[in-house]
Chemist: 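Take this structure first; my questions come after.
When a residue number appears, it is its place in the shown sequence, counting from 1.
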Amino acid sequence: MQDWLAMVGVAMAEGRRFSRVRVVDLPLSDYNAFGLAVSARNNEAGEDIRYLTRSEAGGLPDHDYWLFDSRKLLVMHFDRDDRFTHGEIIEDPAAVVEHNYWRDAAWHKAVRRDSFAEQQHIGRF
């Protein structure tokens, strides 16, 4: 994790921005509670992580993805046990625009990490 945090710090110093919305079910699974606790370090490094409950995420896609500079899409694929199998790079403009829309919609509904952690009574790890 230290390599990731160092990379984020360097990128932030160069003027780049890291932000994400995590869509989670309530009550939080042990995995998501741990992720919420650890994400305090990501925020300290400069990432802006926000949380959205699945019940409030109506109309958003059911898959994980990353957007790079709002121009390149990486769709994440997982197996039945929720283990990451591979990422699929998509550069089709229509698909990228659609995912940018979903990102913006999620962002406006999401709660900042610290506020969400407080609501869920989760400290930092």
Chemist: Does the side chain of Ser70 pick up a donor-acceptor pair with the side chain of Asn100 at under 3.5 Å?
Modeler: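 Checked: Ser70/Asn100 side chains pair up, N/O donor to acceptor below 3.5 Å.
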Chemist: Supply the atom-to-atom distance Leu73 CG to Trp66 CH2, rounded to the nearest 0.5 angstrom.
Modeler: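 Rounded to the nearest 0.5 Å, the CG-CH2 separation comes to 12.5 Å.
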Chemist: Kindly indicate whether the side chain of Leu36, heavy atoms from C-beta on, has any atom under 4.5 Å from the side chain of Arg113.
Modeler: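 Heavy-atom side-chain distance check passes, below 4.5 Å.
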Chemist: Applying the side chain to side chain contact (heavy atoms under 4.5 Å, CB included) criterion to Val10, which one of Glu14, Met7, Met12 satisfies it?
Modeler: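 Between Val10 and the candidates, side chain to side chain contact (heavy atoms under 4.5 Å, CB included) is satisfied uniquely by Glu14.
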Chemist: Are Arg112 and Asp48 ion-paired here, with the side-chain N under 4.0 Å from a carboxylate O?
Modeler: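 A salt bridge is present here (some side-chain N lies under 4.0 Å from a carboxylate O).
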Chemist: Does the side chain of Tyr51 reach to within under 4.5 Å of the side chain of Val21, using non-hydrogen atoms?
Modeler: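 No, their side chains stay 4.5 Å or more apart.
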Chemist: Quick check against the 3.5 Å criterion: does Ser39 have a side-chain atom that pairs as donor or acceptor with the backbone of Asn42?
Modeler: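 No.
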Chemist: Is atom OH of Tyr31 surrounded by more than 12 heavy atoms (other residues, nucleotides or ligands) closer than 6.0 Å?
Modeler: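 Counting other residues, nucleotides and ligands, OH of Tyr31 stays at 12 neighbours or fewer.
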Chemist: Would you mind reporting whether Phe84 and Met76 have side-chain heavy atoms less than 4.5 Å apart?
Modeler: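 Result yes, sub-4.5 Å side-chain heavy-atom pair found.
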Chemist: Residues two or more places apart in sequence or in another chain: which of them pass salt bridge (Lys or Arg N to Asp or Glu O under 4.0 Å) with Arg71?
Modeler: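 By the salt bridge (Lys or Arg N to Asp or Glu O under 4.0 Å) rule, Arg71 matches Asp69.
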Chemist: Please list, chain by chain and in numerical order, all residues satisfying side chain to side chain donor-acceptor pair (under 3.5 Å) with Asp82, sequence neighbours excluded.
Modeler: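 Side chain to side chain donor-acceptor pair (under 3.5 Å) list for Asp82, sorted by chain: empty.
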Chemist: Got a sec: does the OH of Tyr101 have more than 12 other heavy atoms crowding it under 6.0 Å?
Modeler: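 Counting neighbours around OH of Tyr101, 12 or fewer heavy atoms of other residues, nucleotides or ligands fall under 6.0 Å, so no.
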Chemist: Does Arg41 have any salt bridge (Lys or Arg N to Asp or Glu O under 4.0 Å) partners at least two apart in sequence or in another chain, and if so, which?
Modeler: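 Result, salt bridge (Lys or Arg N to Asp or Glu O under 4.0 Å) vs Arg41: none returned.
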Chemist: Strictly by modelled atom types, are Glu118 and Ser115 linked by a side-chain donor-acceptor pair under 3.5 Å?
Modeler: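 No.
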